[in-house]
Undergrad: 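Attaching a single structure in structure tokens format; questions to follow.
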2 protein chains.
Amino acid sequence: MAARTADSEATRAAILDAARAQFGQQGFDRTTIRSVATAVGVDPALVMHYFGTKNGLFEAAARLEIRFPDLSATAPGEVADVLVPLFVHLWRPDGPLLPLLRAAASNRAAADVLLGVFTHHVTPGLAPLAADRPEERIALIGAHLLGIAVARSIVGIAPLVDMPDDALVAWLRPVIAHYLTD
Amino acid sequence: MAARTADSEATRAAILDAARAQFGQQGFDRTTIRSVATAVGVDPALVMHYFGTKNGLFEAAARLEIRFPDLSATAPGEVADVLVPLFVHLWRPDGPLLPLLRAAASNRAAADVLLGVFTHHVTPGLAPLAADRPEERIALIGAHLLGIAVARSIVGIAPLVDMPDDALVAWLRPVIAHYLTD
DNA sequence: GACCCTGTTCAACAGGTGTTGACGACGCCT
DNA sequence: AGGCGTCGTCAACACCTGTTGAACAGGGTC
């Protein structure tokens, strides 16, 4: 049965949590195997043992499965009500997107993962709602959302940091609708 | 007179150019004193001699004086025509903003410089044009422009990378006007 | 009691980093 | 010709990094 949960799984998860936090706050290069290990209280070699390599640790920490909602029945004016909470959730300090965003700044592979999220999830999800030249329209929406993430989580532009999510939704609602349908 | 321009100034400028290019393409951590030195064809110690420290080199490479234009006589619908070319120019691969943006991803000090650009230049420049709650309005505009920079230069979202600047202006014109005046 | 298996630590490696101080060429001024 | 300031290099340092392989504790099984 292997029912007896060895501590293995727990410490593995603890390492993953610490890694996600550090990758999310300091980026890839400034996060070291040693810093993650001491944060958890284990030996650096144990981190290697579980994840093989630093890149392996990063991939495990940044792995994300996004379930993009079905928006085909949503009115353009209400897309923001669905999209914004979803992305705000993914961008939490302990979420999987922030490590990826920080790493993408100096790592093409991480940027490609981010690009893949946009290409394979955001674009197909929004395409049915967009008028002519949908790629451009959706790219502009994606850029705007990305910009809000950077402004909030990385640069720290005060009015956006302090803005409640529903206020953000209210601001974005007409803009996203405009981008979708002109 | 010291009129005889020693080569000093030239190599100093060459180092600065190489540093800006590397900081802009690879970020702070992945850019090393040695890589900059070999790109210029000099000894690493010379880089130290001119800029004292790696942070000194970065500050010199990322120093920027922005002359934000006077927009007080500009109609909201035309703000994009001024703002977008200005920012596109600052974001060129060899411009001073991209190193800052990449470094900001893992360096609070760099993020603060970026925040200062927004606080001391963008906000005062746009405030006369904004309706009520101008901070939020301007923050949203800044976030959008920032997002387009990230989408173009870091993530590489194809439709935005390929989009000519005047098309970008055309897309942003009504959105910026909307953010300014509701 | 001997054995193994899992979870973990120890000690060390090879390489790359920022930084330093002493040293060498080269051209100008007197 | 000799000295000197400028422009630059050499060699080394101390440190930190990812990574490795051997060793250790402890508990369940024969």
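We name chains A, B, ... by the order of the sequence lines, and we start the count at 1 in each one. Only a predicted model underlies this, so the values are computations on that prediction, with no experimental measurement involved.
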Undergrad: Applying a strict under-4.5 Å side-chain criterion to I, L, V, M, F, W and Y, I'd like to know whether B/V161 and B/F87 cluster together.
TA: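 Per the 4.5 Å side-chain linkage, B/V161 and B/F87 are not co-clustered.
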
Undergrad: How about B/V175 and B/H178: do any of their side-chain heavy atoms sit closer than 4.5 Å?
TA: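 No; the side chains remain at least 4.5 Å from each other.
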
Undergrad: Within the 4.0 Å limit for protein heavy atoms, which parts of nucleotides 21-27 of chain C are touched? Write it as a string from 5' to 3', B for base, S for sugar-phosphate only, - for none.
TA: B------

Undergrad: If we ignore angles and hydrogens, is there a donor and acceptor under 3.5 Å between the side chains of A/T53 and A/N55?
TA: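 Not at all, the side chains of A/T53 and A/N55 share no donor-acceptor pair under 3.5 Å.
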
Undergrad: So how far is it from A/Q25 CD to A/I154 CD1, rounded to the nearest 0.5 Å?
TA: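 Interatomic distance, A/Q25 CD to A/I154 CD1, rounded to 0.5 Å: 12.0 Å.
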
Undergrad: Tell me: CD of B/E9 to C1' of D/dT6, nearest whole Å?
TA: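 One finds 14 Å between C1' of D/dT6 and CD of B/E9, rounded.
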
Undergrad: Under 4.0 Å, heavy atoms only, any strand: does A/H49 hit a base, just the sugar-phosphate, or nothing?
TA: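 Touches a base.
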
Undergrad: Search all heavy atoms of A/S106 against all heavy atoms of A/D29 and return the closest pair with its distance.
TA: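 Nearest heavy atoms, A/S106 then A/D29: OG-OD2, 3.5 Å.
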
Undergrad: Of all the nucleotides listed (D/dT9, C/dT19, C/dT8), which has the minimum atom distance to the side chain of A/L46?
TA: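 For A/L46, the side-chain atoms sit closest to C/dT8.
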
Undergrad: Base, sugar-phosphate, or nothing for B/Y50, non-hydrogen atoms under 4.0 angstrom?
TA: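 Sugar-phosphate, backbone atoms only, no base.
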
Undergrad: Taking A/T31's backbone N and O only, do any of them form a donor-acceptor pair with A/S35's side chain (distance below 3.5 Å, no angle check)?
TA: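 Judged by distance alone, no pair lies under 3.5 Å.
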
Undergrad: Are more than 12 heavy atoms, taken from residues, nucleotides or ligands other than B/H49, located less than 6.0 Å from that residue's NE2 atom?
TA: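 Open: at most 12 neighbouring heavy atoms sit under 6.0 Å from NE2 of B/H49.
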
Undergrad: Charged N to carboxylate O below 4.0 Å: is that the case for B/R152 and B/D165?
TA: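 A salt bridge links B/R152 with B/D165.
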
Undergrad: As a test of reading the structure: which of D/dT20, C/dC10, D/dT9 is closest to the side chain of A/D43, going by heavy atoms?
TA: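 Closest nucleotide to the A/D43 side chain: C/dC10.
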
Undergrad: For D/dT6, take OP1 and OP2 only and decide whether either is under 4.0 Å from a side-chain N or O of B/S8.
TA: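 Answer is no, no contact under 4.0 Å.
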
Undergrad: Main chain of A/A61, side chain of A/R20: is a donor-acceptor contact present, judged purely on distance under 3.5 Å?
TA: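 Looks like yes, one N/O pair under 3.5 Å.
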
Undergrad: Can you tell which of C/dT20, C/dT8, D/dT9 lies closest to the side chain of B/M48?
TA: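 Closest nucleotide to the B/M48 side chain: C/dT20.
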
Undergrad: So which nucleotide from C/dT20, D/dT19, C/dT8 ends up closest to the side chain of A/T11?
TA: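 It is C/dT8.
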
Undergrad: May I ask you to decide if B/A170's main-chain N or O and B/R173's side chain share a donor-acceptor pair within less than 3.5 Å?
TA: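 Not a single qualifying donor-acceptor pair exists.
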
Undergrad: According to the interplanar angle, ranging from 0 to 90°, do the rings of A/F58 and A/F28 count as parallel (below 30°), tilted (30 to 60°) or perpendicular (above 60°)?
TA: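 Aromatic pair A/F58/A/F28 classed perpendicular.
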
Undergrad: Over how many whole Å does the gap from A/K54 atom NZ to D/dT17 atom P extend?
TA: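 Atom-to-atom, A/K54 to D/dT17, this comes out as 9 Å.
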
Undergrad: List in numerical order all residues of residues 18-35 of chain B for which some heavy atom is under 4.0 Å away from an atom belonging to DNA chain D.
TA: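 Only B/R34 qualify.
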
Undergrad: May I have the distance from B/L57 (atom CG) to C/dT19 (atom P), rounded to whole angstrom?
TA: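 B/L57 atom CG is separated from C/dT19 atom P by 10 Å.
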
Undergrad: End-to-end bend of the helix from C/dG1-D/dC30 to C/dT30-D/dA1 (five-pair axes, 10° rounding)?
TA: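 The end-segment axes of the helix from C/dG1-D/dC30 to C/dT30-D/dA1 are tilted 30° relative to each other.
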
